[in-house]
Amino acid sequence: MHFAATLLSGLGLFAHLSTAIYTLQDDYGTNGSFFDEFNFFTGQDPTNGYVDYVNRSTATNNGLVSTSGGSVYIGVDHSHTTTSGRQSVRLGSNKTYTHGLVILDLEHMPGSVCGTWPAFWMLGSNWPNNGEIDIIEGVNTQSTNQMTLHTSDGCSINSFGYSGSLNTDNCYVEADGQSANSGCAIQSSSTQSYGDGFNQAGGGVYATEWTSDAINVWFFPNSSVPYDITHGVPNPLLWGLPAARFSGDCDIDSHFNELQIVFDITFCGDWAGDAWSSSTCASKASTCNDYVSNNPSDFKQTYWEINSLKVYQESSLLDVDVDANLDVDDLLHSHIKAHVRADANEPVEKPKMQRSPYIRPGPRPTRKHRRDAFKHGHGHGHDQ
C-alpha cells in the first residue's frame, strides 16, 4: 500500500497524505468467457497429488466447471471411485501481472475436507526466481487460511504489521533453519477465512495488493466487505490492518515478476498426504489416497464458487495536505463518494469495518516441494 503521513510543520498542525488510486484493468466476468481467460493444466501434479487434472472439454462434460446465475463453478468429481486419482482442474490465467490489486469475491471455497488441498495463488515462470504468492491455501480439516511467499535467496519479512500469526519469516525456498520450501508464511487469525468456516459465514472477499513496497492480503467476511470494494473504487488505505503483510528485508521488484493467477484443487500429495497420519483424518482410512479413491460423495463441498475476479492497477496518487485534526477516513470517503457518484446516482454510506476475534493457529510449516516453471505446485504449511 502506498501511503504516508508526515508532519509538514514543526507545530504538527498539518499532515501530508498520499494514497494509490486504482482503476479496473481486468474483469474476468462470470459467464462462459471466464474459462477463455485460463489454460487448463493437464500434466502430472508437481506436488505428487492423487489427482487427474483434465482439459476443458472433459471438465465441462463431467460437470467440473460451469457458469450459472452470475457465478463460476470450479469443482471435482464427487460421483465415482477411482484408482488413478480424482478428477479435478488446475487453471492458470493467460495473462501475467507485475503489481496490482487482485480482488476475489467468493461465494464458496472448498470445504475443510480430509484429503483436499485447494489453493488460489499467483505463480511466475523460472520458479522460484520470479516468485510465488499463495493467497488462499490449506489442507484436510484446516480452519484458518495460510498465506505464503516463495522466492529466490535474499527475501525475508517482518514479524509485525498484520493481524495474522507469523509461521516462518524467510521466503527463500532453501532457507537455513526452515523446513525445505516453507517460504515465509503467515496464518490468518480468523476461522472464517478458510474452508467450512468461510462457507458458513456466507463467503467473503480476498484482496491482494502488490506494490514495490509490500505484498498485502486482506480478508473480509461477506458481512463486512468494504463499501469501496463493492462499488468498484477500492482504496486499501480504508481497510485497516491486513491479515498478512509481506515486507521487510526484501526487494519486492527483484523477486516477483509476471505472475499468473491460478486456481486448483489437488488431493493428498506432499502436504495433505504427508500430514495424513498425524491428523484426525487418519481414523477415516489407512492412507490419504485410499480415502480419496473410495469416498467420492465426501467431496461434494470441494469446489470454488466465484462471484467475481477483478484486477486493478494503480493509475495515480491522491496527494493532499490535511489539517491534523481532520478525520482521514472522512477525507478518503469523500473521495470515494465523488468517484461513485460520477458513475451512478446512488446513496452513499460510510464504510463499516468489522474484525474477527483472534484465534491462534496450529504449529509451523513442514516440508514442501516445487518444480519446473509454470508447472510446479504450490506450497504447504502446518500439519492438518
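One-based numbering along the sequence shown. In this text, all values refer to a predicted model and were calculated from it rather than measured experimentally.
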Worked check of side-chain hydrogen bond (donor to acceptor under 3.5 Å, both in side chains) between H255 and N129: CA-CA 6 Å; H255 286 94; N129 296 312; over 6 Å; no
Whether Q260 side chain and V262 backbone form a donor-acceptor pair below 3.5 Å: no
Side-chain donor-acceptor pair present, Q187, N167, cut-off under 3.5 Å: yes
Any donor-acceptor N/O pair, Y206 side chain to S193 backbone, under 3.5 Å: yes
Within 45° cone of F40 ring axis and under 6.0 Å: R56 NZ or CZ: no
Nearest-0.5 Å distance, CH2 of residue W271 to CD of residue Q146: 4.5 Å
Parallel, tilted or perpendicular: ring planes of Y28 versus F38, cut at 30 and 60 degrees: tilted
SG(C114) to SG(C288) below 2.5 Å: no
Residues S71, E305; criterion side-chain hydrogen bond (donor to acceptor under 3.5 Å, both in side chains); working and verdict: CA-CA 6 Å; S71 65; E305 184 177 351; 3.1 Å; yes
Main-chain N/O of D253 paired with D251 side-chain donor or acceptor, under 3.5 Å: yes
From CA spacing to verdict: side chain to side chain contact (heavy atoms under 4.5 Å, CB included), L259, W210: CA-CA 11 Å; L259 304 189; W210 167 15; 3.6 Å; yes
Sulfur-sulfur distance C155/C184 under 2.5 Å: no
Side chain Q178, main chain T168, donor-acceptor under 3.5 Å: no
Flag for N235-D228: side-chain donor and acceptor within less than 3.5 Å: no
Rounded distance [0.5 Å steps], CG in D196 versus CG in N199: 6.5 Å
Residues D45, T266; criterion side-chain hydrogen bond (donor to acceptor under 3.5 Å, both in side chains); working and verdict: CA-CA 8 Å; D45 181 17; T266 188; 2.8 Å; yes
Main-chain N/O of G183 paired with T148 side-chain donor or acceptor, under 3.5 Å: no
Ring geometry between F41 and Y53 (parallel below 30°, tilted from 30 to 60°, perpendicular above 60°): perpendicular
Aromatic ring pairing W239/W218, orientation class (parallel under 30°, perpendicular over 60°, tilted between): perpendicular
Side chain Q301, main chain P110, donor-acceptor under 3.5 Å: no
No-hydrogen, no-angle side-chain donor-acceptor test under 3.5 Å, W117 and D264: no
Under 3.5 Å: donor-acceptor pair, side chain of T82, backbone of G85: yes
Hphob cluster co-occupancy, L64 + Y303, side-chain heavy atoms under 4.5 angstrom: no
Qualifying residue for side chain to side chain contact (heavy atoms under 4.5 Å, CB included) with F246, from I186, N216, T151: I186
Donor + acceptor pair across side chains of N170, S156 (<3.5 Å): no
I135 backbone acceptor or donor facing N145 side chain under 3.5 Å: yes
Check: F263 ring centroid to W121 ring centroid under 6.0 Å: no
Nearest heavy-atom neighbours spanning T81 and R86: CA-NH2, 4.2 Å
Distance (rounded to the nearest 0.5 Å) between K300 NZ and H78 NE2: 7.0 Å
Chi angles and distances behind the side-chain hydrogen bond (donor to acceptor under 3.5 Å, both in side chains) call for E258, T98: CA-CA 5 Å; E258 299 297 326; T98 298; 3.3 Å; yes
Y73 reachable from M109 in the ILVMFWY side-chain graph, under 4.5 Å edges: no
Plane angle bin for F299 and F267 - parallel if under 30°, tilted between 30 and 60°, otherwise perpendicular: perpendicular
Donor-acceptor side-chain pairing of N55 and T58 below 3.5 angstrom: yes
Lys/Arg N to Asp/Glu carboxylate O, D26 vs K95, below 4.0 Å: yes
Flag if over 12 foreign heavy atoms under 6.0 Å of NZ, K284: no
Residue pair S33 / N31, side-chain donor-acceptor N/O under 3.5 Å: yes
